[in-house]
Amino acid sequence: MRRRITWICALALLMTGLLAACGSKNADSIVKDLDKVVSKMESYQGSGTMTLHTGQQPQTYKVEVWYQKPDYYRISLTNEKRDITQIVLRNDEGVFVLTPQLNKSYRFQSDWPKNQGQVYLYQTLIQSIVLDNSRQFTKDKDAYVFDVMAANYQNGSFARQKIWLNQNSYEPQKVEVTDTNSNVMVDVKFDSFTFDAKFEKSAFDMKEIMNIPQAKPSDSNQNNASPSPSASADASQAPDATTPEDDATSAQPQQSAVILEPNLEDLPVGVELLDSSDVQLGEQQGVMFRYTGTYDFTIVEKVSKDRAVTLMEGIGIDLGFTMGHLTEGDAVTLTWTYEGTEYRLTSADLPQQEMVRIAQSMEQSSSK
């Protein structure tokens, strides 16, 4: 009888151990699962709230992410305070930044998002977990939490990121990106996420998104032409080699530019405003600010011309609130549009990270 009880106890302990082993996953097994999830993933749709903490005041945006295999992306970024939505679209024709309300659209020659991670893209998050062999792993209620390097972003101040994944589905719940001092720079809180989402065929069609039913084929051909090298906005004062404006349509809305200046606190140390002046940019009036000191740069602002599609040479740069466009030559120019105004920051020596920081501070100053 005693021997029988001993065997029963031993068997119970063995079963308990096996059940515990089956029900509890470690970081390595989860990473293998995540790698399989991404490799077999056909589509997903997610939404949430992204908050940028890179400036003096947090800036919050509603984010919607659509993905369809192999390389179709549709990202909507909405500033709810201003009710302005910008869409980053990738389809067979390229990478676009669209502002449907303002009838603005740009097309970049870019491998985005392959060449730069995005904090709201599932592939970016999982890749950062899979590639970081020094990853830290914990559990938080119903979530697996990975603390990994934030090496796959353009922003050089990003050091680490924490990623919360649902334990049952591996859907993302939350992301926090921090700097070297553990200050949160960006966070995204997902309120919904669905694998194998079904999209209409037109979901990734630029014209459908822009709602341009009467666009003529000739318009597209004309507007897809490369910008003229002689199209500088103000070649005599701003060292910009490539401008996107000259293949714009001729019809121009009568509106005023939203004139913004960088937050003084966000200027590089030793830089100050030299002067500002009105400038004539072709048929348009604009404003130019000149800064000097540790770095010298100019910021030119003007109404962004209405256009169907403008092809821009260079690379796309994630500014958080929108996608900027960087061209390099004797000088480097970062161009972006916001609320119908085009901003062009040009410098021969200002680091790219500082350019992004200044652009973000200007957007933030508009909410004051």
Side-chain angles (χ1 to χ4, degrees), residues 37-38 41-53 58-108 110 112-114 116-127 153 161 163-166 169-177 186-212 316-324 336-339 360 363 367:
V37 169
V38 170
M41 187 169 62
E42 294 290 331
S43 65
Y44 65 79
Q45 180 176 359
S47 66
T49 301
M50 178 177 69
T51 303
L52 305 180
H53 302 272
Q59 298 292 310
T60 301
Y61 301 86
K62 183 69 176 177
V63 181
E64 291 190 7
V65 183
W66 296 7
Y67 165 74
Q68 177 71 57
K69 193 176 182 179
D71 290 310
Y72 298 101
Y73 293 87
R74 175 172 164 172
I75 316 298
S76 297
L77 296 169
T78 302
N79 186 321
E80 295 180 333
K81 287 185 178 179
R82 302 175 182 83
D83 194 27
I84 292 289
T85 296
Q86 288 199 318
I87 297 173
V88 182
L89 177 72
R90 181 188 174 105
N91 58 23
D92 292 332
E93 298 173 329
V95 178
F96 298 85
V97 175
L98 314 174
T99 310
Q101 294 111 311
L102 303 175
N103 194 30
K104 312 291 184 187
S105 61
Y106 297 90
R107 188 177 69 165
F108 296 128
S110 172
W112 181 93
K114 294 180 179 178
Q116 53 185 283
Q118 303 290 334
V119 70
Y120 38 72
L121 292 184
Y122 190 72
Q123 295 93 324
T124 297
L125 302 178
I126 301 307
Q127 183 184 41
Y153 300 110
Q161 55 185 332
I163 302 166
W164 282 255
L165 301 174
N166 184 285
S169 62
Y170 295 141
E171 296 168 356
Q173 295 181 337
K174 186 170 67 173
V175 184
E176 286 184 355
V177 183
V186 182
D187 68 67
V188 177
K189 297 176 182 176
F190 290 89
D191 51 43
S192 70
F193 194 92
T194 305
F195 289 114
D196 298 323
K198 304 298 181 184
F199 301 111
E200 297 291 336
K201 190 175 182 180
S202 59
F204 300 93
D205 186 282
M206 188 274 289
K207 291 181 180 178
E208 288 288 338
I209 297 172
M210 293 294 290
N211 192 22
I212 311 176
I317 297 291
D318 180 22
L319 300 179
F321 61 94
T322 188
M323 185 74 76
W336 71 99
T337 62
Y338 194 72
E339 294 191 351
Q360 291 176 336
E363 191 276 338
S367 64

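Scope of the values below: all heavy atoms of this structure, side chains included, with no hydrogens, waters or symmetry mates. FYI, the numbering just counts along the sequence from 1.
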Check side-chain hydrogen bond (donor to acceptor under 3.5 Å, both in side chains) between Tyr73 and all other residues, then give those that pass, not counting sequence neighbours.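 For Tyr73, the residues satisfying side-chain hydrogen bond (donor to acceptor under 3.5 Å, both in side chains) (neighbours in sequence not counted) are Gln123.
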
Can you list everything that forms a side-chain hydrogen bond (donor to acceptor under 3.5 Å, both in side chains) with Thr322? Sequence neighbours excluded, please.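 Here the qualifying residues are Gln86.
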
Can Tyr153 and Val186 be said to form a side chain to side chain contact (heavy atoms under 4.5 Å, CB included), step by step? CA-CA 12 Å; Tyr153 300 110; Val186 182; over 6 Å; no

Any chance you could measure [X], atom [atom1], to [Y], atom [atom2], to the nearest 0.5 Å?
X	Y	atom1	atom2	value
Leu52	Thr60	CG	OG1	8.0 Å
Arg74	Ile87	CZ	CD1	5.0 Å
Met206	Phe96	CE	CZ	4.5 Å
Thr85	Leu98	OG1	CG	11.5 Å
Tyr120	Met50	OH	CE	6.0 Å
Lys62	Thr49	NZ	OG1	5.0 Å

With sequence neighbours left out, write down each residue that passes salt bridge (Lys or Arg N to Asp or Glu O under 4.0 Å) with [X], or none if nothing qualifies.
X	result
Lys189	none
Glu42	Lys69
Lys114	Asp71

Closest non-hydrogen atom pair between [X] and [Y], with its separation:
X	Y	value
Ala203	Ile209	O-CD1, 3.7 Å
Pro113	Leu121	CB-CD1, 3.6 Å
Leu125	Val175	CD1-CG2, 3.6 Å
Trp112	Arg90	O-NH1, 2.5 Å
Gly46	Phe193	CA-CD1, 3.8 Å
Gly320	Gln360	N-NE2, 4.3 Å

Taking side chain as C-beta onward, heavy atoms only, is Asp318 less than 4.5 Å from Val119?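 A side-chain contact under 4.5 Å is absent here.
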
Does Gln68 have any side-chain contact (heavy atoms from CB on, under 4.5 Å) partners at least two apart in sequence or in another chain, and if so, which?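 Result, side-chain contact (heavy atoms from CB on, under 4.5 Å) vs Gln68: Ser43, Tyr72, Phe199, Phe204.
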
Between Tyr170 and Tyr122, is a side chain to side chain contact (heavy atoms under 4.5 Å, CB included) present by the stated rule, with each step listed? CA-CA 10 Å; Tyr170 295 141; Tyr122 190 72; 3.6 Å; yes

What's the verdict on side chain to side chain contact (heavy atoms under 4.5 Å, CB included) for Phe321 and Leu77, showing C-alpha distance, side-chain angles and the deciding distance? CA-CA 7 Å; Phe321 61 94; Leu77 296 169; over 6 Å; no

Asp191 and Ser47 side chains, donor-acceptor separation under 3.5 Å: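 Asp191 and Ser47 do have a side-chain donor-acceptor pair below 3.5 Å.
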
With side chain to side chain contact (heavy atoms under 4.5 Å, CB included) as the test, would you mind laying out the steps for Ile126 and Leu165 before giving the verdict? CA-CA 10 Å; Ile126 301 307; Leu165 301 174; 4.2 Å; yes

